[in-house]
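Nothing fancy with the numbering, it's 1 onward along the sequence.
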Amino acid sequence: MIVRICRSYHCSIRPIRNLFSLRMATDSRELRFYKKDLVVLNSGMDCTTSNGQFSTWCNDKIQKSIQETVKAEEKVVKEEEELVKEEEEEISTGFQRRSRNSYQLDLSREEEELFDLLREVVQESKLKSTLRVAGGWVRDKLLATDEFQRNKDLVGHKTIRLTSKSKSHILSTSARYQQKGSKIPARGIQDEHQPVDIDIALDDMLGREFADHLNSFLSERGRKTASVGVVLKNPEKSKHLETATMKVSSFWIDFVNLRAEEYTQDSRIPDLMRIGTASEDASRRDLTINTLYYNINTDEVEDFTGRGLEDLKRCVISTPLAPLTTFLDDPLRVLRAIRFAARLRFSMDDRLIAAATTATVREALAHKVSRERIGGEIDLMLRSPDPVGAMRHLVNLNLVTTVFPIEKVLPKQYPGGIHLFTNGVQNLMFAFDYLSENKNYPPVWCTASVPQATYGFIERNLLNDNEARRLLWYAAYLKPLADYASLLEETKPHPSRGKKQNRSAVTKLLVDHLKRPIRDAESVEKIFKAADDFTQLIMSGCDISAQSIILSDIHVCPLTTMDEPLGLSCKMGGKIITSETEKDPLWGHAMEFRLLTSKIMYRVGPLWRAAIVLSMVEQLKSLSDEFAFTYPIEGDVYELIQEERLKHLIQQYDTFAVALQRLGLIGIWSRKPLMDGREIKKILPNIPMGPIFREVMDEQDSWMTINPNGDKTSFITHLRTVFTDFT
């Protein structure tokens, strides 16, 4: 006889915290406990009525297991509290190890001049202040040194790549197909170790007080002073420091005081805040790698936690205090930890991961941190060298639905959407790896071989266009959500609702809940729509039309004299032709293709490459999923079939994109009409304003598209022929 007490979502018994299910074999009396809900499934006997002794024994065991679990949890909490108490006592009593070292930072001439100026202000103003550059500037300066670069290379093989466990076979195929040559280093598309601004911490005054001393010093010597902006503290939103910001020379400087805090027992908002020591300030910072200081007075690097330099060498993200304490101090720090792990390609400390997954941190992040700050961190993650790793950490740490609250933009009955974000991570991975694999040898359509496109638009290479690439990451990650929402009746636009209520789920998420600019949301929506349109065209066979355009050597290119555009030149088979009189069916077919694709290019504008990449990676992902569920063929045949299909798919997109360039469609969104409304009114004096007039303007766009080198005279003739009723 076996009695099981196991989890059941159909059970009428309410889930009770820390109740365990029990599986017991009565012959051996072996007990196995699992942390689940309670329900009894009787097999052969009624535990509650037929055998009262067994029922009593079973209940006793359950109660005993509950008590043991509660004691174990209390022990863990007590140990955590003792650890925090020990760390805080070490800081307050001065026993925390302080590390001074001889690291030589490579200062630029401008930085040396700035620090000389600040030292002079201290001396001339007879201040006793110790000035320390804090945080990111010191970290990035150290990472730029040869020692840390060598050390990072040594530990790099131990760190799991955040984007994927191994290079995707699909993207490797893509790189081999595009060009033969070496792949880019693991660092990826972007690399950033350049300080942007400088934070200077003061040990005996507020930042605005020192900023006033600096301006007085400059004024007395006839030098230009700088305006000072003061950002007041707001502890309720985890903004604990008053910051004075001013521009000195070419640097933006934030002057802040070192801080120390005292908390009430049941609150993470400081009850008392004062100017603290460097040790106290270091302990309250977000990550150990950001607790390093450069002492301007002594020209030394200082590590007051004793762990900052070591973690920097080991390429580890950890916190100076217990992670839960640090995160509850400012819940945004859990997102900063993810961002720095992605930016620096560091691994995350196990204790930090455990704390980040707690419900307490999620709750604090949702209610204590403003949505603007959360949205800002997400944007910085997507600008980092490893946006895939950052988004994957959000999923793995169970933070993704807190950061992206889709329950607020989807119908209430929607059961939950973690799979939308896991699919988004896969989309993002394919897009990121595709561009990374092809960075050194990009396909022709991803380059800007000519500085000026067809209609005077200055073209930029997608691989070097940070803004377009950032929007592509957003689009790739949120495309599964957009696709799902488009299928729901409740999320579709309705005439009875206002413009704001008719916003798409993705726009609501970005604008209302991440506080991103509306232009970002609009750009992401453009990429969505164009990607779907490109997919439909290519899957319906338009890549064959594109191939015929390339094989026929058809070109539409600009004519310029002294950098001034003079119109367009049309060529086929190496010969210049007149589009209006050319009767070759190949040319006619090419112009039909040009008209069809021009409508998409109008809408998407400069983001057309991002849309093609998104369309392609969706198809690559679909093909990858198909391979994953296909029964393998023995030997190398399966691999060969897979590679051939991938090669064909990539070739389809390359051919299609090159045809867009050959037909002079790049920049068509900035094309000016041959005739404005007044001129058309003169040619068609009887035409009424309204839909008919809009039809005439649309006809002008179509005529100009299929007659790239047509002139105004020819167009007037065409208008009079088509709209005879209004002449």
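In this structure, the side chains of Val388 and Asp386 come closer than 4.5 Å at one or more pairs of heavy atoms. In this structure, the side chains of Arg383 and Arg469 stay at 4.5 Å or more apart for every pair of heavy atoms. Taking 4.5 Å as the limit, some side-chain heavy atom of His513 sits within range of a side-chain heavy atom of Val409. When side chains are defined from C-beta on, Leu674 counts as touching Gln700, because their heavy atoms get closer than 4.5 Å. Side-chain contact between Thr535 and Met616 is absent, with no heavy-atom pair separated by less than 4.5 Å. In this structure, Lys479 and Asn423 have side chains that are not in contact, with every pair of non-hydrogen atoms separated by 4.5 Å or more. Contact of the Gln619 side chain with the Met539 side chain is registered, since non-hydrogen atoms from C-beta on lie closer than 4.5 Å. Using a 4.5 Å cut-off on side-chain heavy atoms (C-beta onward), Asn709 and Ser569 make no contact.
Of all the heavy atoms in Pro673 and Met704, the pair that sits closest is CA-SD, 3.9 Å. Shortest non-hydrogen contact noted between Ala611 and Ala531 is O-CB, 3.5 Å. For the pair Pro385 and Ala342, the tightest heavy-atom approach, listed with the atom from each and the gap, is CD-O, 4.1 Å. What you find for Leu510 and Ala521 is that their closest heavy atoms are CD1-CA, 3.9 Å. Residues Leu428 and Pro387 share a closest heavy-atom pair of CD2-O, 3.7 Å.
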For this session: Could you give me the CA-CA distance, side-chain angles and deciding distance for Asp553 and Lys575, then say whether salt bridge (charged side-chain N to carboxylate O under 4.0 Å, His left out) is met?
Result: CA-CA 9 Å; Asp553 196 22; Lys575 298 179 180 179; over 6 Å; no

For this session: Determine, step by step, whether Asp711 and Ser714 satisfy the side-chain hydrogen bond (donor to acceptor under 3.5 Å, both in side chains) criterion, reporting the C-alpha distance in whole Å, the side-chain angles of both residues, the deciding distance to 0.1 Å, and the verdict.
Result: CA-CA 6 Å; Asp711 56 22; Ser714 300; 2.8 Å; yes

For this session: I would like to know whether Leu614 and Phe534 meet side chain to side chain contact (heavy atoms under 4.5 Å, CB included); could you show each step before the answer?
Result: CA-CA 10 Å; Leu614 178 58; Phe534 285 141; over 6 Å; no

Problem set entry | Audit row: Phe421, Ile406, side chain to side chain contact (heavy atoms under 4.5 Å, CB included) steps and yes/no | CA-CA 10 Å; Phe421 295 110; Ile406 58 173; 3.4 Å; yes

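Aromatic rings from Tyr653 and Tyr434 are positioned such that their centres are separated by 6.0 Å or more. Ring centroid separation for the pair Phe340 and Phe346 does not come in under the 6.0 Å cut-off. Ring centers of Trp669 and Tyr602: at least 6.0 Å apart, outside the cut-off.
The backbone N or O of Leu537 sits less than 3.5 Å from a side-chain atom of Ser540, completing a donor-acceptor pair. Counting only distance, with no hydrogens or angles, the side chain of Ser702 and the backbone of Glu699 share no donor-acceptor pair below 3.5 Å. Between the side chain of Glu679 and the backbone N or O of Asp676, at least one donor-acceptor pair lies under 3.5 Å. Checked by atom type and distance alone, the side chain of Ser436 never pairs as donor or acceptor with a backbone atom of Asp433 at under 3.5 Å. Without hydrogens or angle criteria, Ser598 side chain to Arg594 main chain gives a donor-acceptor distance under 3.5 Å. Distance alone, capped at 3.5 Å, places no donor-acceptor pair between the Arg662 side chain and the His555 backbone. Under the 3.5 Å distance criterion, the side-chain polar atoms of Arg392 are left unmatched by any main-chain donor or acceptor of Gln426. In terms of modelled atom types and a separation under 3.5 Å, the side chain of Ser504 and the main chain of Thr507 share a donor-acceptor contact.
One distance of note links CG of Leu397 with CG of Leu335; it measures 9.5 Å at 0.5 Å rounding. One finds the CD1 atom of Ile378 at 5.0 Å from the CG atom of Leu394 (value rounded to the nearest 0.5 Å). Atom CZ in Arg336 sits 9.0 Å away from atom CG in Leu380 (nearest 0.5 Å). In this structure, Leu478 CG and Met391 CE are separated by 9.0 Å, a value rounded to the nearest 0.5 Å. The distance from the CZ atom of Arg343 to the CD1 atom of Ile338 is 16.0 Å, given to the nearest 0.5 Å. Ile577 CD1 to Cys570 SG: the interatomic distance, rounded to the nearest 0.5 Å, is 6.0 Å.
Side-chain contact check for Thr401 and Glu407: no donor-acceptor pair (N or O, by modelled atom type) lies under 3.5 Å. When only modelled atom types and interatomic distance are considered, Ser548 and His589 share no side-chain donor-acceptor pair under 3.5 Å. Remark: the Arg671 side chain and the Thr705 side chain contain an N/O donor-acceptor pair separated by less than 3.5 Å. For the 3.5 Å distance criterion, the side chains of Thr655 and Asp543 fail to qualify, holding no donor opposite an acceptor. Side chains of His718 and Glu580: no donor on one and acceptor on the other come within 3.5 Å. Side chains of Tyr474 and Asp379: a donor on one and an acceptor on the other come within 3.5 Å.
Ring geometry for Phe656 against Phe593 counts as perpendicular: the plane angle is over 60°, on a 0 to 90° scale with 30° as the lower cut. Ring geometry, His419 versus Tyr484: the interplanar angle exceeds 60°, so the pair is classed perpendicular (tilted spans 30 to 60°).
Within a 6.0 Å sphere centred on CD of Gln536, other residues, nucleotides and ligands contribute 12 heavy atoms or fewer. Sparse packing is recorded around CZ of Arg519, with 12 or fewer heavy atoms of other residues, nucleotides or ligands lying under 6.0 Å away. Within 6.0 Å of CD1 in Ile544 there are 12 or fewer heavy atoms belonging to other residues, nucleotides or ligands.
Each of Lys515, Lys526, Arg470 was scored for a salt bridge (charged side-chain N to carboxylate O under 4.0 Å, His left out) with Asp520, with one residue passing: Arg470.
A salt bridge does not link Lys599 with Asp701: none of the charged nitrogens is closer than 4.0 Å to a carboxylate oxygen. The pair Arg371-Asp512 fails the salt-bridge criterion, with no side-chain N (NZ, NE, NH1 or NH2) lying under 4.0 Å from an Asp/Glu carboxylate O.
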